[in-house]
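To keep things clear, I will list the structure first and then write my remarks on it.
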Amino acid sequence: MRFQKLAAALSAASITVAAPADAIAEGHTLSAAAASDWEAAYTKANAALAKLSSSDKIKIVTGVGWGNGPCVGNTPAISSIGYPSLCIQDGPLGVRYGTNVNAFTPGIQAASTFDRALIRERGKFMGEETKGCGIHVLLGPVAGPLGKNPAGGRNWEGFGADPYLQGIAMAETIEGLQSVGVQANAKHFILNEQELNRETMSSTVDDRTMHELYLWPFADAVHANVASVMCSYNKINGTWACENDGIMNKLLKQELGFRGYVMTDWNAQHTTQQSANTGLDMTMPGSDFNGGTKLWGDRLSQAVSSGQVSQSRVDDMVKRILAAWYLLGQDTSYPNTNINANVQGTHKTNIRAVARDGIVLLKNDGNVLPLKKPSKLGLVGSAAVVGQHAQNTCSDHGCNTGALGMGWGSGTATYPYFSAPADAIRARAQTDGTQVTISSTDSTSGVSGAVNGADAAIVFITSDAGEGYIEVEGNKGDRKNLDPWHNGNDLVKAVAAINNNVIVVVHSVGPVILETILTQPNVKAIVWAGLPSQENGNALVDILYGDTAPSGKLPYTIAKSANDYGTTISSSNDNFNEGLFIDYRHFDKANIAPRYEFGFGLSYTNFTYSDIAVEGKVTSGAATGNVIPGGRADLWDTVATVTVTIANSGNVKGAEVGQLYVGYPASANAPPKQLRGFEKAVLDAGAKQTVSFKLLRRDISVWDSTRQNWIIPAGEFTLYVGSSSRDIRQTGKLTAT
Ligand code: NOJ
């Protein structure tokens, strides 16, 4: 597809083109393919603009108001240019409110696969469903929150607590979605790290941390030619994100060369004139949630008449929106909007694969897993069976009752079916002739009947979170603590007191403190099953029985204590005092031993690493390229390649995620290690493969706030290659002279 070629070409040499002066500053360059695609789209947009009346233009940038169309966001059709009523719908895991759609795996599960191809396919399939429903813009993927707070309510919508992982997953998802002609939307821009007070609080972060952590994945999104970006609810340094010149005009449009449009989060706009003049391009849903206040529409027309907002600024908004529509080819034969279309196709193959390959095996003493035709299995916990959550009976999945597949809020979709653990295990047990007993509540009293005399007892525990407009069991979006819900610790203890082969399966939105569980000697295995959506049970059976060896890796750190993270939900404004040191960057710097580190995950086989080689000559200094979508062009140049051989030294087929972490020269004052590459190698027993990691200029640069540029520091870089952020198997060096 066009965008796949385009992505490949983006790293190629760039040429200077005449960019529209009002879209990006003159003299900037674009890579050849990106330039011609956006140029062609802007040429069409300019031609269309000439046919529009002033009121048409205002319509294109203003939503029709809350509740007034088939989607959560809609703009009016403009017949003179064949422009449809734009249908803008949540969300990051598929078509919200679709009645015949799939509920894809949440972003966090996709992240824990560390599998680029699966993540891209997930995006493509979501795109096919979106397009099949005649929806023009899908409101995802999510790179904000980044996940600095482990309790953050919406972390599960995004791709884990590392900007590099988030960035790769953003780009793959966007390219997948847009390859079929759907406009993606990168959100929430920016520093929207918690649900508590999200619509009133201010986040303030230092410039370096902004660039190296929070802006980083959005740069990948822009580089992947994302059509639109959603500004967030919060303030940044005292100014609302959706009327913030530094954020929208400077960072996004000038520094990152973003040529699409910025839309508000729903009702995140506060002013008519300031939002227009600071870079906002579309207001959603166009009114407040009572249908009352409308800050654009007529008020924007008046602001233009009175000279407070220039006509050229409004024209720029319109061109950006139309160019994105043309860029995705939505002007030719796009389906009519029908949110009830049956668009499921065979996409569930991807859901099962991501659900399965995102499972992280944390502990497996005595190789209790995979199961070997047990004669009796005891299952315990309400999360083993279908409950209200799986039956879609709680609005936006705002309940944690029964088996869990996703968090709650606007970023959810309706399950077409739900494979619960007990269903899938029973089906498998029939083929093995295994007797299955179950205690399907979270009460400790029913436990003994289910697990007495069983070869193994499987206990299901959960932790849930979501968007702050729904409160679930005292959790107002953000989690009130990192403990398992429903007395999960006590449930595990009760089972472990009776059965000496206990397997704990955790379905969770993010880290859970496992210390109580780990002190039970009879807990032999912990299967971190994450958020597997509708394929929950099927994916679990694939792993429990060893049809596939586990290959997922943690996309965040699991600490021994919640205090170890060094970040918490702020009760008022948040100054991001931890700076660069979130998640593993903090544990490494502060020398705190995590329980399970970022990137950790066991398999049913073993992998050995050998023969690291580093190729490339690096010169220190500043990036000098012109701005293309994503920032200066040379930031995307490969400056070094690291190769390593990974061998499957065990007895079964498996997959290993080789990870590259970079340690900067001391002068850079950087975190001890930062993820800068990962490759998943699928290996038969005894097989080996050489994997290579391409280091881009940006991967070894630091942001210099004084020079306002990315700089490669002089000195020696350490290149750590391993099986997790702490299980380093090979080390190399790279010197910037
Ligand atoms: C608010 C959420 O923050 C955003 O992610 C979502 O897309 C909109 N509501 C629309 O539902």
Side-chain angles (χ1 to χ4, degrees), residues 63-75 86-98 104 106-108 126 130 133 135-147 152-159 170 173 177 182-201 203 217-218 221 226-236 240-242 261-270 280 282-291 339 395-398 406-414 465-470 476-478 509:
V64 297
W66 182 240
N68 288 337
C71 280
V72 298
N74 311 270
T75 54
L86 206 70
C87 190
I88 301 171
Q89 188 70 349
D90 292 301
L93 57 65
V95 179
R96 183 185 184 195
Y97 302 139
F104 286 83
I108 199 71
M126 289 197 297
T130 306
C133 289
I135 291 161
H136 302 88
V137 185
L138 190 70
L139 297 172
V142 174
L146 184 66
R154 300 183 75 181
N155 294 351
W156 61 274
E157 293 185 43
F159 302 105
M170 288 293 280
T173 305
L177 279 167
V182 168
Q183 299 185 42
N185 176 265
K187 68 185 189 182
H188 307 84
F189 195 66
I190 195 170
L191 307 184
N192 183 181
E193 290 293 314
Q194 63 179 57
E195 288 303 283
L196 181 64
N197 300 327
R198 71 172 178 178
E199 283 160 56
T200 52
M201 70 179 294
S203 299
F218 285 98
V226 72
S228 61
V229 168
M230 184 189 290
C231 51
S232 54
Y233 280 124
N234 52 295
K235 295 174 191 168
I236 292 128
W240 301 106
C242 294
Y261 57 99
V262 182
M263 73 166 77
T264 61
D265 199 340
W266 267 232
N267 206 19
Q269 188 188 21
H270 295 267
L280 182 68
M282 182 189 276
T283 179
M284 278 294 145
S287 70
D288 64 24
F289 289 121
N290 302 317
I339 205 153
S395 174
D396 292 332
H397 291 283
M406 60 181 68
W408 73 78
S410 65
T412 59
T414 306
E467 207 173 331
Y469 66 92
I470 303 176
K476 299 175 178 172
D478 304 318
V509 288

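We count ligands from 1, going down the list as the structure has it; atoms in each ligand are counted the same way.
Interface atoms of ligand 1 facing R198, defined by a heavy-atom separation under 4.0 Å, are 3 (O). Within ligand 1, the atoms closer than 4.0 Å to a non-hydrogen atom of M230 are 7 (O), numbered from 1 in the order shown. Per-residue contacts place S410 under 4.0 angstrom from the following atoms of ligand 1 (heavy atoms of the residue considered): 2 (C), 4 (C), 5 (O), 6 (C), 11 (O). Ligand 1 places these atoms under 4.0 Å from at least one heavy atom of H188: 3 (O), 4 (C), 5 (O). Interface atoms of ligand 1 facing Y233, defined by a heavy-atom separation under 4.0 Å, are 1 (C), 3 (O). Annotation for ligand 1: atoms under 4.0 Å from non-hydrogen atoms of E467 are 1 (C), 2 (C), 3 (O). Each of the following atoms of ligand 1 lies closer than 4.0 Å to a heavy atom of K187: 4 (C), 5 (O), 6 (C), 7 (O). Ligand 1 places these atoms under 4.0 Å from at least one heavy atom of L139: 7 (O).
Looking at ligand 1, you won't find any N or O of W266 less than 3.5 Å from one of its N or O atoms.
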Does S410 form a side-chain hydrogen bond (donor to acceptor under 3.5 Å, both in side chains) with E467? I'd like the steps, not just the answer.
CA-CA 7 Å; S410 65; E467 207 173 331; 2.7 Å; yes
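Remark: the Q269 side chain and the T264 side chain contain no N/O donor-acceptor pair separated by less than 3.5 Å. When only modelled atom types and interatomic distance are considered, N185 and S228 share a side-chain donor-acceptor pair under 3.5 Å.
Residues satisfying the side-chain hydrogen bond (donor to acceptor under 3.5 Å, both in side chains) test with Q194, not counting sequence neighbours, are none.
Contacts between E157 and ligand 1 below 4.0 angstrom, taking non-hydrogen atoms only, are absent altogether. Within the 4.0 Å heavy-atom criterion, neither part of E199 lies near ligand 1.
At least one heavy atom of R96 sits less than 4.0 Å from an atom of ligand 1.
The existence of a salt bridge linking K476 and E195 is excluded, since no basic side-chain nitrogen approaches an acidic carboxylate oxygen closer than 4.0 Å.
Without hydrogens or angle criteria, W266 side chain to M284 main chain gives no donor-acceptor distance under 3.5 Å.
Annotation: atom 6 (C) of ligand 1 to nearest protein heavy atom, D90 OD1, 3.2 Å.
Aromatic ring pairs are classed by plane angle as parallel below 30°, tilted from 30° to 60° and perpendicular above 60°; the pair F189 and F218 is perpendicular.
Between K187 and P92, some side-chain heavy-atom pair lies under the 4.5 Å cut-off.
Of the candidates D265, T264, D396, D265 brings a heavy atom nearest to atom 1 (C) of ligand 1.
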